[in-house]
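Basis for what follows: all heavy atoms, side chains included, without hydrogens, waters or symmetry-related copies.
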Amino acid sequence: MTKWDTCDAVERHPERVSGAWVFTGTRLPISALFDNLQDGASIDQFLEWFPGVNRWKVEAVLSHGMAELAASSRL
């Protein structure tokens, strides 16, 4: 399970978006990024479709997710 609380690009508030992890300053769940990428969208398309998110946040989420996966595979 990914520990998102150490990623500066995301935040979570129990009273907003049912407590889902969202991009900071937005109500957009980070799951939207993964869903769109899985469906074949590019990062540029995602940024166009969701202008409240900027590239550094997307890159931070992807980097953090990859680091967490790598760490869990070493266990």
- Is there side-chain contact between T6 and H64, with at least one heavy-atom pair below 4.5 Å? yes

- Query: Under the side chain to side chain contact (heavy atoms under 4.5 Å, CB included) test, which residues partner S18, sequence neighbours left out?
  - Reply: none

- Task: Just jot down the side chain to side chain contact (heavy atoms under 4.5 Å, CB included) partners of S63, sequence neighbours excluded, or say none.
- Result: none

- Query: Considering residues at least two apart in sequence or located in another chain, which fulfil the salt bridge (charged side-chain N to carboxylate O under 4.0 Å, His left out) criterion with E11?
  - Reply: R16

- Item | Cluster companions of V17 among Ile, Leu, Val, Met, Phe, Trp, Tyr (side-chain spacing under 4.5 Å) | V22

- Query: What residues join L33 in its hydrophobic cluster, counting side-chain heavy atom gaps under 4.5 Å, either direct or through other members?
  - Reply: W4, V10, W21, F23, L28, I30, F34, L37, I43, F46, L47, W49, F50, V53, V58, V61, L62

- Specify the closest pair of heavy atoms between C7 and A60, including all atoms of both residues, with the distance to one decimal. SG-O, 4.0 Å

- Message: Return the CG to NZ distance between D8 and K57, rounded to the nearest 0.5 Å.
- Response: 11.0 Å

- Note on the structure: Sorted by chain and number, sequence neighbours left out, side chain to side chain donor-acceptor pair (under 3.5 Å) with N54 holds for W56

- Task: For residues 25-48, pull every pair meeting salt bridge (Lys or Arg N to Asp or Glu O under 4.0 Å), keeping only residues two or more places apart or in separate chains.
- Result: D44-R55

- Message: Quick check against the 3.5 Å criterion: does E68 have a side-chain atom that pairs as donor or acceptor with the backbone of G65?
- Response: no

